[in-house]
Amino acid sequence: MLIKTAEFIISNSDVDKCPKDHLPEYAFIGRSNVGKSSLINMLTNHKNLAKTSGRPGKTQLINHFLINKNWFLVDLPGYGYARVSKTEKKKFQKFITNYFEKRKQLVSAFVLVDIRHKPQNIDLEFMEYLGVSEIPFSIIFTKADKLKPMAIEKHVKDYCQVLLKTWEELPPHFVTSSSKAIGREDVLQFIDSTNHEINAMR
Ligand code: GDP
């Protein structure tokens with residue numbers, strides 16, 4: 001998919017204030033510092049569309065970006081940041097679950113995980129939550145440039161083995177690196193073909 005336009009539309013913490021358009025929407029989420037902002041910038045070919053954060057946990061908002069005027073890329077806040085208070089964590093959980101439960105336009109989520117790390121409970125539990133809520137999702141492995149090709153293969157295989165303990169079927173997964181622009185076409189192609197399927201059903 002060629003990215004012709006990528007525009008910031010709105011940031012908010014209230015799902016009812018998200019854009020009313022009925023365009024398909026794809027949400028990006030993961031632990032703070034996983035490389036989400038860098039990935040969004042890489043996918044959209046923008047240096048600064050999503051702000052890369054020096055301080056994790058800073059962007060606690062739902063951010064809508066309109067891509068090619070026909071789909072929304074949604075940047076959700078990073079989870080699992082230890083240095084926020086319990087009250088803030090609860091508030092965060094509430095508006096994220098509100099988003100996933102209420103947002104009819106959501107087609108699919110992308111859960112980002114750092115390819116170097118073993119499966120973390122917080123990510124597995126989040127995928128579990130998406131499964132129970134019947135929200136389709138894919139996994140995006142980030143920072144692949146930090147590993148050699150053989151190690152990439154092994155880490156992905158090991159991760160899938162863990163998933164297969166609880167999942168009958170593996171979600172689609174993508175290996176990416178924002179600094180080396182790896183995996184860009186695969187993710188965009190997935191979104192493009194999903195958009196075509198949706199349009200064909202309408
Ligand atoms: P976010 O908090 O999930 O939005 O993560 P950021 O995009 O701000 O990235 C967190 C840190 O990881 C920053 O220091 C980035 O430079 C670094 N980073 C992000 N993506 C990559 C990548 O693909 N490769 C490498 N080597 N570093 C990355």
Side-chain angles (χ1 to χ4, degrees), residues 3 6-13 25-67 72-85 88-89 91-93 95-96 99-100 106 108-127 129-130 137-156 159 171-191:
I3 302 292
E7 307 157 65
F8 167 72
I9 302 296
I10 192 170
S11 284
N12 66 73
S13 58
E25 166 162 327
Y26 298 83
F28 289 71
I29 191 163
R31 295 215 298 165
S32 304
N33 229 24
V34 68
K36 182 165 50 69
S37 310
S38 309
L39 181 87
I40 291 172
N41 291 338
M42 186 268 273
L43 290 176
T44 56
N45 250 343
H46 270 243
K47 273 210 179 85
N48 237 335
L49 195 66
K51 293 183 180 61
T52 45
S53 51
R55 183 163 65 87
K58 199 165 58 176
T59 46
Q60 299 289 350
L61 293 166
I62 305 169
N63 304 292
H64 272 78
F65 301 101
L66 179 61
I67 314 296
F72 279 116
L73 184 161
V74 179
D75 179 11
L76 293 174
Y79 53 68
Y81 181 53
R83 261 185 279 166
V84 297
S85 68
E88 252 187 85
K89 264 187 201 160
K91 215 169 78 187
F92 167 74
Q93 271 172 357
F95 94 80
I96 290 298
Y99 171 83
F100 281 107
L106 177 68
S108 195
F110 290 103
V111 181
L112 275 57
V113 295
D114 188 318
I115 195 154
R116 296 167 298 172
H117 300 159
K118 290 214 162 69
Q120 312 273 310
N121 279 341
I122 191 161
D123 296 318
L124 297 175
E125 282 163 16
F126 186 69
M127 292 177 207
Y129 161 76
L130 291 175
F137 72 93
S138 305
I139 296 175
I140 292 187
F141 294 102
T142 63
K143 309 190 187 182
D145 58 285
K146 299 251 191 187
L147 296 179
K148 299 217 158 66
M150 290 278 277
I152 292 176
E153 215 176 291
K154 182 173 179 345
H155 279 238
V156 172
Y159 205 98
H173 52 274
F174 304 93
V175 172
T176 69
S177 156
S178 302
S179 41
K180 297 263 163 75
I182 295 169
R184 183 174 183 271
E185 265 318 305
D186 297 336
V187 176
L188 291 177
Q189 176 59 44
F190 176 83
I191 295 173

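Atoms within a ligand are numbered from 1 in the order they appear, just like the ligands themselves.
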Sorted by chain and residue number, the ring pair (Phe, Tyr, Trp, His ring centres under 6.0 Å) partners of H64 (sequence neighbours excluded) come out as F72
Taken in chain and number order and not counting sequence neighbours, the residues that satisfy salt bridge (charged side-chain N to carboxylate O under 4.0 Å, His left out) with K146 are none
#### Entry: Short side-chain to backbone donor-acceptor contact, K36 and L76, under 3.5 Å
yes
| query | Just by distance, do the side chain of N41 and the backbone of K47 share a donor-acceptor pair under 3.5 Å? | reply | yes
Closest heavy-atom pair, L188 versus L43, reported as atoms and distance to 0.1 Å, is CD1-O, 3.7 Å
### Query
Would one find an N or O of V34, backbone or side chain, under 3.5 Å from an N or O of ligand 1?
yes
Ligand 1 N/O within reach of K36 N/O, cut-off under 3.5 Å:
yes
Q.
Against ligand 1, does N33 come closer than 4.0 Å with any heavy atom?
A. yes
Out of S38, S177, G183, A144, the nearest non-hydrogen contact to atom 20 (N) of ligand 1 is supplied by S38
In ligand 1, the atoms that come under 4.0 Å of a heavy atom of D145 are 22 (C), 23 (O), 24 (N), 25 (C), 26 (N)
Contact region, K180 to ligand 1, non-hydrogen atoms below 4.0 Å, reads neither
